[in-house]
Structures are given as C-alpha cells and as structure tokens.
Amino acid sequence: MDTLKMDELVSLCKRRGFLFQSSEIYGGLNGFWDYGPLGVELKRNVKECWWRDMVTGHDDLLVYPGAPTAYEMTGLDCSIIMHPQVWKCSGHYDLFHDFMVDCRESKKRYRHDQVQGRWVEAKGKRVFVSVLPETDEPCLELEQRALKFFNLRAKHLDQLKWEGPVVSLTTVPDFSAVLGPDAKELGTLTPPREFNLMFKTYVGALSGEEGAAFLRPETAQGIFVNFKNVVDSSRVRIPFGIAQMGKSFRNEITPRNFTFRSREFEQMEIEFFCHPNQSAAWYQYWRDRRYRWYLELGLAGERLRLREHHKEELSHYSCGTADIEYAFPFLPPGEFGELEGIAHRGDFDLRSHMEGKLVRQGDNLVVEQGTDGKPKHKGSGRDLTYFDDVSREKYVPHVIEPSAGADRATLAFLCQAYQKDVAPDENGKPTERLVLKLHPRLAPIKAAIFPLVKKDGMPELAERLYRDLKKSFTVFYDDKGAVGRRYRRQDEAGTPYCLTIDGQTLEDRTVTIRDRDSLAQRRIHLDKVAEELQSLLQPRD
RNA sequence: GCGGGUGUAGCUCAGUGGUAGAGCGCCACGUUGCCAACGUGGCUGUCGUGGGUUCGAGCCCCAUCACCCGCUCCA
C-alpha cells in the first residue's frame with residue numbers, strides 16, 4: 001500500500017474503465033473527468049450507500065448512539081442554476097468573485113482589494129508604494145519598501161514625503177506609478193482582471209448582465225432556500241436533516257491530483273436543523289457518525305483522521321468545524337486531504353436568506369452594509385424561523401452541515417482498495433496479483449459467474465444462475481479462457497465473489513463461491529446463492 | 001500562476017533525420033477440469049495538437065493542450 005504510485009492507479013482506472021480524462025480525444029480538459037463503465041457503478045454505489053445510510057435507511061424512531069434524541073431525515077434535489085441573489089446572500093459572490101492583479105516582474109498574483117499602499121514623493125518622483133500587509137503595521141513595511149526603492153538609508157527617512165493615509169490599491173486608477181508588493185520597478189502590475197470562482201452563464205436568450213447567473217458552487221444553498229418548503233410540506237419536526245446529492249462547479253485555478261480537485265464535482269451534503277441549545281451535541285454526533293461511515297466502508301484507520309479546526313481556521317460564522325481527511329497517496333507522507341467537512345454553522349445561513357448577507361461584528365452577526373448604508377446584499381425578507389408546536393417556541397434553527405465530496409470519497413476508496421498481493425499460479429508458484437479490495441457494497445460487480453469449462457452442460461447451468469441473479473444483483477458472466485485468468489480479471493475490477501459451476505454442480509447442484517481477498521472457496525447450493533449474496537452485501541451495524 | 005519533466009497501439013514502453021516496433025492486453029477457433037495455460041490466426045496507431053525547418057520529421061525549432069513533480073494558491 002505504501003508503495004502505491006498514483007500513476008499506477010491512474011493507469012488501472014483507464015485500463016479497466018473506471019476513469020477517463022474528459023474530452024480525451026481532443027486533448028483533454030483540465031479539471032474535468034469522466035467515469036467509465038466500472039467507475040460509474042462504483043460512484044453510484046458510493047452515493048447509494050450514503051443515501052441509504054443517511055436518508056432512506058435512517059430509523060426515525062431510534063436514538064442512535066451518541067445522538068441527543070431521535071431525529072428525522074429527508075431528501076431534496078435542487079436545480080443547479082439558482083437565483084443570483086442566493087449566492088450574494090450566502091457570501092459566495094463576494095468571496096468567490098475577486099479582481100486580481102498580476103505582477104509582470106515577480107509573476108505573483110494579488111487580490112486587487114488586498115494590496116495596500118500609500119503615495120510618497122522623494123527625489124522628485126511621486127510613487128504609490130504597495131505591500132500585501134503581513135503585520136498590523138503596514139506603515140513600517142511601506143517605509144522599508146520606499147527606502148529601498150529610492151535607494152535611501154534609514155537615517156534619510158525624512159526625505160520621504162508621505163501623502164495621505166494607507167489606502168487600498170482599488171483607489172488608484174492608473175498603475176504606471178505603482179510599485180508592486182514584490183517588484184523593484186514601477187508599473188509592473190497588470191490592470192485588475194475579474195476572476196470568478198463561480199461559473200457564469202446567462203439565463204434566457206439575451207446574454208446581457210441582467211440574465212447573468214451562476215452554476216452552483218455548492219448544493220447546500222438549495223437546501224436552505226427550500227427549508228420552509230420542506231417544513232411546510234413534509235410534517236418533519238426539528239431536529240431533522242435534509243440531504244442532497246448533486247453536481248457543483250468551481251472554477252479552480254489549479255485543478256490537481258487526478259479527480260481530487262475538479263472543476264465539476266459531486267457533493268453529498270446534509271443540512272441538519274436543530275435547536276440552538278442542542279447544536280453543540282449534534283455537531284459532535286455528526287462528526288463522529290460521518291467518520292465511522294468511511295471506516296465501515298473500508299478506509300483504513302491509520303490513513304483516515306478527524307481533525308478539528310483551530311479557532312483561527314474557523315469561518316466567521318462557525319462555532320466548530322472538523323474535517324475528515326484521508327492520506328491520499330499523491331500527498332507527501334504525513335499529509336492528508338479533505339474528504340468531508342462537518343461544520344457547525346449556527347443560524348448564519350437561514351438568517352442570511354431572511355435578512356441579507358451577514359458579517360461578524362464582535363460576537364454578533366449583522367447585515368453587511370453597502371457604501372450607501374443600505375444592506376449590501378438584500379435577503380428574501382421571508383420568515384424562515386421555525387415554530388415548535390409543542391414548546392410553543394419560535395426560533396431560527398441552528399445548522400450542522402456534514403458536506404462530503406462524492407468524487408473524493410470514490411477516489412479514496414479506490415486508493416485504499418488498490419493492492420498488490422501474492423497468489424499462486426497454476427503450478428502453485430506464488431505470483432504477484434493486482435486486486436481492488438473494495439468493500440462489497442461498493443464493488444461495481446457483486447459477483448461473476450463462470451462455468452469451469454465450456455462443456456458438459458456447465459455453460460447452460462451457469463447462464464441460468466446468471467439470469468436468476470441478474471434480477472437482484474449486478475453480476476457478470478464469463479466463459480472465455482481458463483478460469484484462473486477470469487478470476488484475476490475480476491480481482492482487478494474489485495468483484496468480491498466468483499461463482500463457479502463445475503462437474504460437481506451437475507451431480508449435487510452446489511457451486512463454489514470464491515472470496516476475492518482470501519481466495520478461499522466453499523460450496524453452496526444453487527438455490528441458496530441469491531440468499532447468500534444478499535447477506536454478504538448487507539450493511540453491518 | 002511560476003519552474004522542471006513527460007506525451008508513440010487499450011496498458012507499459014523502445015525507437016538520435018531515411019519502410020512505425022516489442023511485451024502485455026483484446027478478439028476468433030481449437031484445447032481446457034479451480035487461480036494471469038497452450039496452439040493457430042487476427043485486431044489495434046491523426047507518434048498529444050497546430051505551425052515551421054528539411055529532398056525527407058516520431059526524432060530538430062516555435063506555439064499550444066494535457067498529465068506528473070516542486071513552489072504558489074485553495075471555499
């Protein structure tokens with residue numbers, strides 16, 4: 001496992017039809033990927049396990065271990081393009097929508113509004129000296145930069161004639177007299193260019209800005225804006241969760257590491273609504289529950305970790321966030337990549353969609369003001385509070401958000417499953433075997449059915465078994481070549497069980513069932529095969 | 001975004017300016033008696049893409065795209 005090279009896995013994924021580069025025949029498209037015949041089944045299984053374990057299989061009446069009370073779960077499937085105001089109130093518009101300037105000299109890129117500077121005159125030249133402030137004292141940093149630029153010693157500080165206060169680069173219309181934060185010469189900054197991390201599109205035939213809309217950068221907002229609809233239509237009572245799976249789009253600057261950071265990706269998100277007093281306990285519950293989910297589906301404990309964010313790392317609205325991370329093989333030893341984030345979001349989201357985009361002010365969230373003193377991004381004005389019929393209490397629910405990446409999970413399961421071990425060849429000599437040890441619930445093909453040889457009525461019996469099993473399972477029939485080769489092919493596809501019809505089947509109607517991982521075989525009766533598979537594929541508690 | 005590397009058959013790769021190759025795989029037929037069998041036959045190429053140099057380019061030059069590694073960034 002430690003020796004797994006990422007390119008070996010990428011090669012297997014291509015060779016066996018798990019993953020292809022998007023638009024490959026045209027040279028590929030950076031950040032986009034296609035799932036092949038086996039990959040689509042694997043990813044569907046990942047999503048179906050999640051949906052089943054979190055939503056349809058959820059027991060509303062049971063108090064799960066670690067949960068404060070019983071709770072309900074329900075689902076939703078929202079549109080990818082939503083009203084543009086959704087993204088303004090959620091904060092994505094301001095956060096993901098930046099103007100950037102590049103420095104032709106240092107090759108660095110800065111956010112236009114983050115560059116700070118001050119006009120200064122010396123030796124007959126007037127210059128806007130800028131820095132990307134690293135300390136609370138940008139003035140000192142600016143002094144150093146200015147002295148160096150004018151080639152002055154510290155004792156000649158008085159030759160610098162400062163003009164006005166420290167201001168943002170956004171106040172400077174022309175960059176020809178600007179000294180970039182890492183430049184030695186003037187005028188190396190490009191004009192500010194719009195960088196949008198959200199994909200922009202246009203609704204309707206007209207392509208004017210009034211029709212501008214965005215592909216969603218997360219599925220979560222669809223849940224928040226439908227919160228009231230779900231409460232009003234489904235009789236759910238707090239505490240409850242709404243789950244949604246679906247595509248999201250982020251225009252990443254640097255897509256990297258196979259499917260890990262893609263521009264089009266699929267999320268599996270839950271927004272769990274609860275009473276503010278219980279939110280801390282629910283946060284803990286979901287964090288632990290979600291961590292166990294990955295463990296149960298086969299990710300190794302030593303490669304999977306639950307990491308609480310430090311206080312400084314927390315978003316402005318969050319009172320607690322944990323990441324579930326996996327030690328992907330493309331990362332340096334000791335580093336982990338995020339699979340899922342579980343965030344305590346408080347009442348930030350629902351309030352944002354009521355009141356408008358919020359910002360933190362001390363310990364409180366307040367509506368962000370524009371320069372005109374009005375709300376910067378106006379909310380819907382709808383009442384998204386919850387009324388508890390039993391306690392007669394009205395409140396804005398708090399939200400716990402377990403947000404997972406379906407493609408990242410799929411990739412982690414593939415990385416974990418990819419193993420080389422040793423199996424005997426036809427002479428009993430140990431040879432290397434490539435095997436995908438996927439959890440049976442995730443395996444694209446659940447069982448393969450083989451006649452041991454293509455004669456004596458074995459194929460006919462095998463075909464009957466195949467047809468019978470096909471009704472309830474994804475199974476695969478193969479009668480070509482030696483049986484050993486067929487076993488190995490299934491090993492590479494991750495198929496957990498192989499059923500072989502042999503001479504003895506003709507006598508007593510038993511078949512061998514071969515286990516992918518142990519290579520062990522045992523005989524079971526033909527009539528019991530479906531039942532046996534059913535129990536082997538059953539999720540265990 | 002910057003720097004370095006790579007791109008030839010489905011996969012892994014050889015091919016230093018003169019007729020595009022190997023191994024594996026895949027397909028067919030025969031054989032088959034439980035872990036990558038054997039025999040026979042067959043399939044597979046815009047040499048990443050575009051342009052240039054040359055009598056002639058997979059090979060040299062320029063551009064571009066994609067992937068990998070390092071830095072940078074990352075909701």
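- Regarding contacts with the backbone of B:rC65, every side-chain N or O of A:N30 stays at 4.0 angstrom or more from both OP1 and OP2.
- The stretch residues 15-30 of chain A participates, sequence neighbours left out, in these side chain to side chain donor-acceptor pair (under 3.5 Å) pairs: A:K14-A:E24, A:R15-A:E492, A:R16-A:E492.
- With a cut-off of 3.5 Å on both Watson-Crick or G-U wobble distances, the partner of B:rG23 is given as B:rC11.
- Across all strands shown, B:rG50 forms a Watson-Crick or G-U wobble pair with B:rC62, both key distances being under 3.5 Å.
- B:rG48 and B:rU16: their P atoms are spaced 15 Å apart (whole Å).
- Within residues 78-90 of chain A, no residue has a heavy atom under 4.0 Å from RNA chain B.
- One interatomic measurement links the two molecules: CD of A:E325 to P of B:rC74, which rounds to 16 Å at whole-angstrom precision.
- Between B:rG21 and B:rC47, the two C1' atoms lie 12 Å apart (nearest whole Å).
- In this entry the distance linking CG of A:D456 with P of B:rU31 reads 12 Å, nearest Å.
- Cation-pi check for A:R408 over A:F265 is not met; the charged atom does not lie both under 6.0 angstrom from the ring centroid and within 45 degrees of its normal.
- In this pair, A:F199 and A:F249 present their aromatic rings perpendicular. The plane angle is above 60°, beyond the 30 to 60° band.
- Distance A:L9 CG to B:rC68 P: 12 Å, rounded to the nearest Å.
- Nucleotide B:rG30: paired with B:rC38 (Watson-Crick or G-U wobble, both distances less than 3.5 Å).
- The residue among A:R263 and A:R488 whose nearest nucleotide of RNA chain B lies closer to the 5′ end is A:R488.
- Here A:V86 pairs with A:M82, A:H83, A:Q221, A:V225, A:H353 under the side-chain contact (heavy atoms from CB on, under 4.5 Å) rule; sequence neighbours left out.
- In this structure, A:E492 reaches the bases: a heavy-atom distance under 4.0 Å links it to at least one base atom across the strands shown.
- Looking at residues 512-519 of chain A, you'll see A:T512, A:R514, A:L519 sit with a heavy atom under 4.0 Å from some atom of RNA chain B.
- Rounded to an integer number of Å, the gap from OH of A:Y26 to P of B:rC67 is 18 Å.
- Atom C1' of B:rC2 sits at a distance of 31 Å from the matching atom of B:rC13, rounded to the whole Å.
- No engagement by A:L506 is indicated, since no non-hydrogen atom pair under 4.0 Å with the nucleic acid exists.
- Taking the ring axis of A:W286 as reference, the NZ or CZ atom of A:R290 does not stay both within 45° of it and closer than 6.0 Å to the ring centre.
- Look at the P atom in both B:rC43 and B:rG33: the space between them is 30 Å, to the nearest Å.
- Side chain to side chain, A:D349 and A:S352 fail the donor-acceptor criterion of an N or O pair below 3.5 Å.
- Sequence order on RNA chain B of the closest nucleotides to A:N257 and A:A520 puts A:A520 first from the 5' end.
- Side-chain N/O atoms of A:T410 and A:D407 include no donor and acceptor closer than 3.5 Å.
- Side chain to side chain, A:E269 and A:T219 meet the donor-acceptor criterion of an N or O pair below 3.5 Å.
- The aromatic rings of A:W282 and A:F272 sit tilted, their planes meeting at an angle between 30° and 60°.
- At the phosphate of B:rG33, neither OP1 nor OP2 sits under 4.0 Å from any side-chain N or O atom of A:K455.
- At whole-Å resolution of the value, OH in A:Y487 and C1' in B:rC34 are 5 Å apart.
- Residue A:M198 is out of contact with every strand shown, counting any heavy-atom pair closer than 4.0 Å.
- The partner of B:rG70 is B:rC2, by the rule that a Watson-Crick or G-U pair needs both atom distances under 3.5 Å.
- A parallel orientation is assigned to the rings of A:F330 and A:F328, their planes being inclined by less than 30° (bins at 30° and 60°).
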- request: Please step through salt bridge (charged side-chain N to carboxylate O under 4.0 Å, His left out) for the pair A:R486 and A:D491, ending with a clear verdict.
  value: CA-CA 9 Å; A:R486 288 179 257 157; A:D491 289 341; over 6 Å; no
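- A cation-pi arrangement is absent between A:R307 and A:F336 under the rule of less than 6.0 angstrom and at most 45 degrees off the ring axis.
- Rounded to whole Å, the separation between the C1' atoms of B:rG23 and B:rG70 comes to 33 Å.
- B:rC11 sits 14 Å from B:rC26 when the P atoms are compared, rounded to a whole Å.
- Rounded to whole angstrom, the span from the CD atom of A:Q521 across to the C1' atom of B:rG33 amounts to 13 Å.
- The closest side-chain donor-acceptor pair between A:E340 and A:Y294 falls under 3.5 angstrom.
- For the pair A:K446 and A:F473, the cation-pi test (distance below 6.0 Å, angle within 45°) is failed.
- The distance between atom CG of A:L29 and atom P of B:rU49, rounded to the nearest whole Å, is 18 Å.
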query: For nucleotides 4-15 of chain B, read 5' to 3', which letter fits each nucleotide if B means a protein heavy atom sits under 4.0 Å from the base, S means only the sugar-phosphate is that close, and - means neither?
result: ------SSS---
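- Rounded to whole Å, the distance from CZ on A:F20 to P on B:rG48 is 21 Å.
- Side-chain atoms of A:T510 and A:D508 form a donor-acceptor pair, as typed in the model, at a separation below 3.5 Å.
- Counting only N and O atoms by type, the side chains of A:Y487 and A:T500 include a donor and acceptor under 3.5 Å apart.
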Pairs under 3.5 Å (N/O, protein and nucleotides 24-27 of chain B):
unit_1, atom_1, unit_2, atom_2, d
B:rG25, OP1, A:R485, NH1, 3.4
B:rC26, OP1, A:R489, NH1, 2.3
B:rC26, OP2, A:R485, NH1, 3.2

